[in-house]
Amino acid sequence: MTPLLQRLLTVLSDGELHSGQDLAAAVGLSRTAIWKHLQQMATFDVAIESARGRGYRLPGGLELLDRERILAALTPRARALLGELQVLASIDSTNSQVRRQPNASQPLAVLAECQTAGRGRLGRTWVSPFGRNLYLSVGWSFSDGAASLAGLSLAVGVAAHRALTAIGVTGLGLKWPNDILRDRHKVGGILLEVTGDPAGSCQVIVGIGINVAMPHAAAVAIEQPWADLADVGEVTRNGLAAAVLSELLPVLADFPTTGFAAYQEEWELHDAYRGARVRIATPGTQIEGIARGVTAGGALRLDVDGREHLINGGEMCLRGVP
Ligand code: BTN
């Protein structure tokens, strides 16, 4: 999205009617050029209404991400831990954006209004329309190798659960390995990507997507039962971003000393499938049993006919069996 479109959108984000003349003055363009630019918003699924002779309106308005508001709402510890916060209008994927900046001051957090190639687990697409949801990635360096990261993605799930609870969201649950559920539908997902030396210093990119007010036109592309926070009063995306960073950064900072063991009990408390019959599918196999919680290393404990199998993350997909 061009800076000019961003400026137009900022003016229109209040949901009020703005005359072509006012918009033109705000961005330094001619009135005739305004409509041409506003039409480009359709590319981002932002529908601008034009009222003949009266001006333009963005029905319902839009809460845009505001870097300063987010920074001001962080807890002191999170603020001290954060190296840099980037807020972008449009990017392919916030995870990719973190990966492209190895020299940014660390830890680097990237938020975007939309992702043109948002990525989910198992090679799926993460539906990322403009201005309605949360797309956040944080890059964090660990020095003790990939093995020390066991259970990290589940600990991130606990952080996201804490953040959503803190802003008043109810009906939450966690689904192994790292889905965030609301009323048993997926409201958020976590994508961890690790680069560097598997035995030494590595960088983890933690990507979190949370559906805040998913537009129905975009939702048709989601291939699983989904939820959002549209019915929760007073949720702001800036408040949610600050809440997630406030919970996430301390979890990442403490993880080398605590490991997942410190979060295991809390994870199990919110486990939406504990005691349920589930099927674990990998690309080639599937195994069915009763979910019995997780180990201190984040593996799923699956009871298969009375024998415990430990299932580690990776290319796994858990489904409830009716
Ligand atoms: C999942 O499949 O459940 C994981 C979804 C992760 C989506 C987030 S949105 C921010 C970050 N950028 C991406 O491209 N993916 C993650």
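Both backbone and side-chain heavy atoms feed into the values below; hydrogens, waters and symmetry mates do not. Both counts, for ligands and for their atoms, begin at 1 and track the order of listing.
The nearest protein atom to atom 5 (C) of ligand 1, hydrogens excluded, is given as W126 CE3, 3.3 Å; this is a heavy-atom distance. At the shortest separation from atom 8 (C) of ligand 1 among protein heavy atoms lies G209 N, 3.6 Å. Ranking the protein heavy atoms by distance from atom 3 (O) of ligand 1 puts K186 NZ, 2.5 Å first. What sits closest to atom 2 (O) of ligand 1 on the protein, heavy atoms only, is R121 N, 2.6 Å. Nearest protein heavy-atom neighbour of atom 10 (C) of ligand 1: T94 OG1, 3.2 Å.
Of the charged side-chain nitrogens involved, none lies within less than 4.0 Å of a carboxylate oxygen, so that E113 and R132 do not count as a salt-bridged pair. Taking the charged nitrogens against the carboxylate oxygens, D14 and R57 have no contact shorter than 4.0 Å, which rules out a salt bridge. The pair R124-E223 does not count as a salt bridge, with every side-chain nitrogen at least 4.0 angstrom from each carboxylate oxygen.
In terms of polar-atom proximity, R119 is counted as a contact of ligand 1, with an N or O under 3.5 Å from an N or O of the ligand. By the 3.5 Å distance cut-off applied to N or O atoms, Q115 is counted among the residues near ligand 1.
Aromatic pair W126/Y135: ring centres not closer than 6.0 Å.
By the criterion of a heavy-atom distance under 4.0 Å, neither the backbone nor the side chain of N178 is placed next to ligand 1. With a heavy-atom cut-off of 4.0 Å, L122 does not touch ligand 1 at all.
Using bins of under 30°, 30° to 60° and over 60° for the plane-to-plane angle, the ring pair F142/F255 lands in the perpendicular bin.
Note that R292 lies outside the cation-pi zone of Y273, set by a 6.0 Å cut-off to the ring centre and a 45° limit from the axis.
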